[in-house]
Amino acid sequence: MENRELMQQVKGWVEEAGEYIKTELKQVVKVEQKSNRSDLVTNVDKGTEAFLVNKINETYPDDLIIGEEGTGRDVSTTDGRIWIIDPIDGTLNFVKQQENFCIMVGIFENGKPLLGFIYDVMKNEFAYGGLETGVYLNGTKLDKPEDLSLADGLIGCNVGMYSENYKHSKEIASAAIGVRMLGCAGLDFLSVIRGKQNGYISNLAPWDFAAGTVLAEALGFVCRKYPDSDYDILGDRQYFVVATPQTFSDMQKFF
């Protein structure tokens, strides 16, 4: 199957998953804590991941899967095709606001970005694609945004990193025109690839950055383990930065 066909197929699956989420929001959502009271999981997270995993397993049984809610976490090789799923990114927003969350799917092949999908379910904003297919927002192909400097745009930043000034993150964010904290990595990636922010710094697991990285790199953005080393799609949570090339260069002056 060619990348464009695969892109359309997965886009349809993610849209179906979005309809499932909207339906479940009309019911009583069951909420559980994971590591702390702000780290939540719901029956809808688990149901969405199960839906996507079943689609992949039925259609591509030889592919590997890493899901936030427990699917395939023993993946130990980047050989072949790997699907990295965050069924609901921004679960705390999902529970408390019923918006400002998204579905994310990143597909890598032999360790290289192939296709990414970020779907803001409630706002119906869907970014998808990759280097070979191009990147689209609701069917409109996105151009590479302007290569803004750090001083000329907004920076998204993880609240913990900002408050502790981890590796100059507060200083870096303060050097921008303004700082934004959305509580959802996917929405920050969406803001970056649409040219609404020129960078984002956070502490992310692979399912938080995989989809966004595919889309961002296809549009010429820098994606690195913060402050400047290779990210690891099979690793644990890691500090991460996505930025325009000029903003990334400006960030490095702080080190």
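In what follows, residues are counted from 1 in the order of the sequence shown.
Taking the side chain as every heavy atom from C-beta outward, W83 and L64 never approach each other to under 4.5 Å. The side-chain heavy atoms of C102 and C184, taken from C-beta on, include a pair separated by under 4.5 Å. For the pair E19 and V121, the minimum side-chain heavy-atom distance is 4.5 Å or more. The closest side-chain heavy-atom distance from D208 to D86 is below 4.5 Å. The shortest side-chain heavy-atom distance between L182 and Q197 falls under the 4.5 Å cut-off. Residues L234 and T78 form a side-chain contact, since some pair of their non-hydrogen atoms from C-beta on lies under 4.5 Å apart. Counting heavy atoms from C-beta on, the side chains of V105 and W13 never come closer than 4.5 Å.
A salt bridge does not link E109 with K112: none of the charged nitrogens is closer than 4.0 Å to a carboxylate oxygen. The existence of a salt bridge linking K225 and D230 is excluded, since no basic side-chain nitrogen approaches an acidic carboxylate oxygen closer than 4.0 Å. Taking a cutoff of 4.0 Å between a charged side-chain nitrogen and a carboxylate oxygen, E125 and R194 qualify as a salt bridge. D188 has no carboxylate O lying under 4.0 Å from a charged side-chain N of R180, or vice versa, which leaves the two without a salt bridge. Contact check on E69 versus K34 returns a salt bridge, with a Lys/Arg side-chain nitrogen under 4.0 Å from an Asp/Glu carboxylate oxygen.
Rounded to the nearest 0.5 Å, atoms CG (L187) and OH (Y200) are 9.0 Å apart. Atoms CG and CG, on L215 and L115 in that order, are 9.0 Å from each other to the nearest 0.5 Å. Atom OG1 of T244 is separated from atom CG of D147 by 4.5 Å, given to the nearest 0.5 angstrom. Between atom CG of residue N3 and atom CD of residue Q8 there is a gap of 12.0 Å, rounded to the nearest 0.5 Å. In this structure, the separation between CD on E146 and CG on D152 is 8.0 Å, given to the nearest 0.5 Å.
Contact detail for K46 and V41: the closest heavy-atom pair is CE-CG2, 4.1 Å. Summarising the geometry of V135 relative to A218, their closest heavy-atom pair is CG2-CB, 3.7 Å, with the distance given to 0.1 Å. When every heavy atom of V192 is checked against every heavy atom of P145, the shortest pair comes out as O-CG, 4.2 Å. Across every non-hydrogen atom of V214 and G129, the tightest pair is CG1-O, 3.8 Å. Residues G220 and P245 come closest through the heavy atom pair O-CG, 3.5 Å. Taking both residues in full, the closest heavy atoms of P113 and E217 are given as CG-OE1, 3.3 Å, listed atom of the first, atom of the second, then distance.
Not one N or O on the side chain of T247 forms a donor-acceptor pair closer than 3.5 Å with the backbone of A243. Between the N93 side chain and the N100 main chain, a donor and an acceptor come within less than 3.5 Å of each other. With hydrogens and angles disregarded, no donor-acceptor distance shorter than 3.5 Å links the side chain of E49 to the backbone of I88. Between the side chain of N43 and the main chain of V31, no donor-acceptor pair closer than 3.5 Å is present. Judged by distance alone, the side chain of S174 and the main-chain N or O of K170 form a donor-acceptor pair under 3.5 Å. In this structure, the side chain of D89 engages the main chain of G186 through a donor-acceptor pair within 3.5 Å. Side-chain atoms of N54 come within 3.5 Å of backbone atoms of A50 as a donor-acceptor pair (strictly under, hydrogens ignored). Checked by atom type and distance alone, the side chain of N198 pairs as donor or acceptor with a backbone atom of S149 at under 3.5 Å.
Judged by distance alone, the side chains of D39 and Q33 never bring a donor and an acceptor atom under 3.5 Å apart. Side-chain contact check for Q9 and Y60: at least one donor-acceptor pair (N or O, by modelled atom type) lies under 3.5 Å. For the residue pair Q238/D232, the side-chain donor-acceptor check at 3.5 Å is not satisfied.
Aromatic ring centroids of Y119 and F117 lie 6.0 Å or more apart.
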Notebook entry, point to check: Does the pair M7 and E2 meet the rule for a side chain to side chain contact (heavy atoms under 4.5 Å, CB included), with working shown?
Noted result: CA-CA 9 Å; M7 179 182 74; E2 294 184 358; over 6 Å; no
Next item on the list: Go through Y20 and V44 one step at a time and tell me if the side chain to side chain contact (heavy atoms under 4.5 Å, CB included) criterion holds.
Entry: CA-CA 8 Å; Y20 163 78; V44 188; 4.0 Å; yes
Next item on the list: Could you walk me through whether T42 and E32 pass side chain to side chain contact (heavy atoms under 4.5 Å, CB included), step by step?
Entry: CA-CA 6 Å; T42 73; E32 302 173 43; over 6 Å; no
Next item on the list: Would you please test I21 and F94 for side chain to side chain contact (heavy atoms under 4.5 Å, CB included) and show each step?
Entry: CA-CA 10 Å; I21 290 173; F94 171 76; 3.8 Å; yes
Next item on the list: Start with the C-alpha gap between D45 and T91, add the side-chain angles, then the distance that decides, and say whether side chain to side chain donor-acceptor pair (under 3.5 Å) holds.
Entry: CA-CA 8 Å; D45 295 74; T91 300; 2.7 Å; yes
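Taking hydrophobic clusters as Ile, Leu, Val, Met, Phe, Trp and Tyr residues chained together by side-chain heavy-atom distances below 4.5 Å, F101 shares a cluster with L52. Note: the hydrophobic cluster containing L190 also contains F240 (ILVMFWY, side chain heavy atoms under 4.5 Å, direct or indirect links). A continuous path of ILVMFWY side-chain contacts below 4.5 Å connects F126 to I85, so both sit in one hydrophobic cluster. Linking ILVMFWY residues whenever their side-chain heavy atoms come closer than 4.5 Å, directly or via other members, leaves I107 and V75 in distinct clusters. Note on F51 and M104: separate hydrophobic clusters, where clusters join Ile, Leu, Val, Met, Phe, Trp and Tyr whose side-chain heavy atoms are under 4.5 Å apart, directly or indirectly.
Residue-environment remark: CG (D236) stays at or below the threshold of 12 foreign heavy atoms within 6.0 Å. In K30, the NZ atom is not crowded: 12 or fewer heavy atoms of neighbouring residues, nucleotides or ligands sit closer than 6.0 Å. Surrounding CD of E132 are at most 12 heavy atoms belonging to other residues, nucleotides or ligands under 6.0 Å away.
Other residues sharing a hydrophobic cluster with M161 under the 4.5 Å side-chain heavy-atom criterion for ILVMFWY residues are L150, I155, Y166, I172, I201, V222, Y226, Y239, V241, F248, M251, F254, F255. In this structure, V159 shares a hydrophobic cluster with Y162, V179, M181, the cluster being traced through Ile, Leu, Val, Met, Phe, Trp and Tyr side chains under 4.5 angstrom apart.
Tested against F108 for a side-chain contact (heavy atoms from CB on, under 4.5 Å), the candidates I66, L114, I233 yield a single pass: I233.
Figure legend: R224 and Y231 shown without cation-pi pairing, the cationic atom not lying both under 6.0 angstrom from the six-membered ring centre and within 45 degrees of its axis.
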